[in-house]
2 protein chains.
Amino acid sequence: MGVDPQQLRTFVSVVRLASFSAAARELGYTQSAVSQQIAALEQELRAPLLERRPVAPTEAGARLLEHAPGILLRLDAARADVARVGGSARGLLRVAVTALAAPRPLARALAATRLAYPRAELTVSLVGRTSAVTAVAAGEAELAVVDGVAAASDPLALPAAAPVSALRVAEQPLAVLLPAGHPLSGRRRIRLASLQDAFWLDAPDASVPLTELRAATGSDAFPPSMALVGPSADAVTECVAAGLGLAVVPAGGASAPGEGVVAVPLADAGLLHRTEAVWSGSRAEVVDHLVAGLADARAEPL
Amino acid sequence: MGVDPQQLRTFVSVVRLASFSAAARELGYTQSAVSQQIAALEQELRAPLLERRPVAPTEAGARLLEHAPGILLRLDAARADVARVGGSARGLLRVAVTALAAPRPLARALAATRLAYPRAELTVSLVGRTSAVTAVAAGEAELAVVDGVAAASDPLALPAAAPVSALRVAEQPLAVLLPAGHPLSGRRRIRLASLQDAFWLDAPDASVPLTELRAATGSDAFPPSMALVGPSADAVTECVAAGLGLAVVPAGGASAPGEGVVAVPLADAGLLHRTEAVWSGSRAEVVDHLVAGLADARAEPL
DNA sequence: GTCTGCCCATCAGCGATACTGATGGGCGTG
DNA sequence: CACGCCCATCAGTATCGCTGATGGGCAGAC
């Protein structure tokens, strides 16, 4: 009685790898154990979860798959939250940052925190949006600094289904990255709707993700031209310059737009690029100092 | 390795009852088993979770307690979602309704659904806000119809940490319920801020909860005069008439405000009473029909 | 068509686990 | 001081879940 989280973990592995044997290898079980775990889960839920040969989730399995990652993440988050109570007085400060998060306020706040806590162990890692939030929830990072697009008054729609707190750090207008020769590249401003049928780079970790554009504009257009994985801003610039597709980026960032491309500000009112700091549970002293620094940075000019 | 949900369930029972023995009785275990489960959980998380004698959560236990109900709810929700796949073709339609949810659209939609599915088994139950949403998540109801206060463009802040979908059913202006002799009872409109230091009935299931007022106005005032549990609209009217405190209710509801009280509309722009329909996972045919009926009802006058 | 290889289900056996029931110690209470 | 209540611990046992071996079914090669 009661769904075993271990079985859930095994289930998602099996689905992801589409193989009992491969999942067994990954998890350090024998194939027999995996088979028995899935069978037990199916009996427990009284429903077949997997099609065999080829291995694929059934309708019921698909439903379970919608819930499983959230459950497992929350389980990890609970464990991490409990662990933070005991040992977090030490100066461990791991910050997970997304590629387009405003770097200046973060850098300044980090500098101040480094001064105040010279012995703190400081790590900043550049990761994808989802990983940043899940890392915080699971206790693999003390803080995440995440960017995204939202209307002026709304909070960011954070990807993970985990209980976290957030603070707005910076807001910038948005711009469209166009190749230098593009017919609209001379414009002072562009409305997003006028470009919704153009082709777009699908580079969720190095530009504003298309899914966020669609959510923020309420349109389901913005056809993707090519996928670009990883947080490489240069790759985006080069691909836009080469005419492979357009991209939306925060305007007036630290770096110039680069050769061969033009950044034209968006005319859409109320659509903003925002950076938020995200943490989970109560904050240790060092983390608190850094968050306070980020809060102060809001007042300063970018 | 891996927190056992059964242990989590035991843990919350022990905390709620502040007793190992009582929790054992409730769960059908021996006291010995409960003691061992808690010990195993503490060893697994490497932290003491409970103070003994008297039994109370430690700091770490409090953290775990924040996560545990959400995890257990999601586990139940997953189980219910899987169960819906197989057996939900039958006409089972259990609707959980909060006290202030707009009754007219619901009644009309229910009537239409009853006509279209004469053999459907129909149950409507009046419950608190949190129970309504958790009932849907846990598969104890097919649909919830929940009310709350929100700004015009925001969705309702639903209480449960569970993955559900929602549809706006109706919106009404808000009114303050004042005793007939109140100095402001002759007003045409009242701003909420002018009353934030008055005393208020804390009747979360029979009027707009104070927590929602505070969240929607951004003020943490609105001191409570007395608590009133349960969804009794009459009790609210009587208490307001007796001068025990004020209350915010949807204006122009089905029932007249009652003797001895006056309902004065709120002047606060953008603050609305909204009713939403809430469901989980995919909807069975009957549920789909009812939700469609609720969607249609939005167009009609209230 | 047949052979071979891969993959999942099943089974026996064994070690680990989690329960019961009994016992003991600590603390408040009469 | 004695009693009662409550939680921790222990021994014993039944069950559970894993390993390793075996078997059946499907696909691709020849």
Side-chain angles (χ1 to χ4, degrees), chain A residues 1-62 64-65 68 71-72 75 79 82, chain B residues 1-62 64-65 68 71-72 75 79 82:
Chain A
M1 186 80 89
V3 176
D4 182 355
Q6 193 55 49
Q7 293 172 356
L8 238 42
R9 222 163 236 127
T10 300
F11 175 68
V12 305
S13 274
V14 168
V15 171
R16 181 166 41 81
L17 299 170
S19 159
F20 284 50
S21 315
R25 249 170 280 136
E26 181 177 272
L27 298 168
Y29 287 120
T30 58
Q31 171 267 319
S32 171
V34 170
S35 178
Q36 288 175 52
Q37 284 191 20
I38 299 296
L41 194 57
E42 290 183 321
Q43 192 161 21
E44 164 71 31
L45 296 175
R46 290 166 212 284
L49 300 172
L50 289 172
E51 228 54 87
R52 283 87 209 256
R53 233 177 299 268
V55 174
T58 62
E59 174 64 26
L64 184 61
L65 208 57
I71 292 171
L72 295 174
L75 235 20
R79 169 189 292 275
V82 169
Chain B
M1 185 80 89
V3 176
D4 181 355
Q6 191 57 46
Q7 292 173 356
L8 238 42
R9 238 175 272 271
T10 300
F11 175 69
V12 304
S13 274
V14 169
V15 171
R16 181 166 42 81
L17 300 168
S19 158
F20 283 49
S21 316
R25 251 170 278 135
E26 181 177 272
L27 298 169
Y29 287 120
T30 58
Q31 172 266 320
S32 171
V34 169
S35 180
Q36 289 175 52
Q37 283 191 21
I38 298 296
L41 193 57
E42 289 182 322
Q43 193 160 21
E44 164 72 30
L45 296 176
R46 291 166 209 287
L49 300 172
L50 290 172
E51 226 56 85
R52 283 84 209 256
R53 232 177 299 268
V55 174
T58 62
E59 175 63 25
L64 183 60
L65 209 56
I71 291 170
L72 295 173
L75 235 19
R79 170 189 293 275
V82 169

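Convention: sequence-line order gives letters A, B, ...; per-chain numbering from 1.
Residues forming a side chain to side chain contact (heavy atoms under 4.5 Å, CB included) with B/Ala47 (at least two apart in sequence, or on another chain): A/Val82, B/Ala60. Partners of A/Glu59 by salt bridge (Lys or Arg N to Asp or Glu O under 4.0 Å), not counting sequence neighbours, listed by chain and number: A/Arg63.
Checking B/Val12, B/Val15, B/Leu49 one by one against B/Leu64, the side chain to side chain contact (heavy atoms under 4.5 Å, CB included) holds for a single residue, B/Leu49.
Every pair tested for salt bridge (charged side-chain N to carboxylate O under 4.0 Å, His left out) that includes a residue from residues 30-41 of chain A fails, sequence neighbours excluded, so the list is empty.
Sparse packing is recorded around CZ of B/Arg46, with 12 or fewer heavy atoms of other residues, nucleotides or ligands lying under 6.0 Å away.
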Are there any protein N/O atoms within less than 3.5 Å of an N/O atom in nucleotides 13-18 of chain D, and if so, which ones and at what distance?
from	atom 1	to	atom 2	distance (Å)
D/dC18	OP1	A/Gln37	NE2	3.0

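As judged by a 4.0 angstrom heavy-atom cut-off over every strand, A/Val34 is placed among residues making no nucleic acid contact. Contact annotation for A/Ser21: backbone-only contact, meaning every heavy-atom pair under 4.0 Å involves sugar-phosphate atoms and none involves a base.
Nearest heavy-atom pair, A/Ala68 versus A/Leu8, reported as atom, atom and distance to 0.1 Å: CB-CG, 4.0 Å.
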Atom pairs and distances, side-chain donor-acceptor, residues 20-27 of chain B, under 3.5 Å, sequence neighbours left out:
from	atom 1	to	atom 2	distance (Å)
B/Glu26	OE1	B/Arg16	NH1	3.4
B/Glu26	OE2	B/Ser13	OG	2.9
B/Glu26	OE2	B/Arg16	NH2	2.7

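Between the CD atom of B/Glu51 and the P atom of D/dC6 there is a distance of 19 Å, given to the nearest Å.
Of all nucleotides in DNA chain C, those with any atom nearer than 4.0 Å to a heavy atom of chain A start and finish, going 5' to 3', at C/dC7 to C/dC11.
With hydrogens and angles ignored, the 3.5 Å screen pairs a side-chain donor or acceptor of A/Glu42 with a backbone N or O of A/Leu50.
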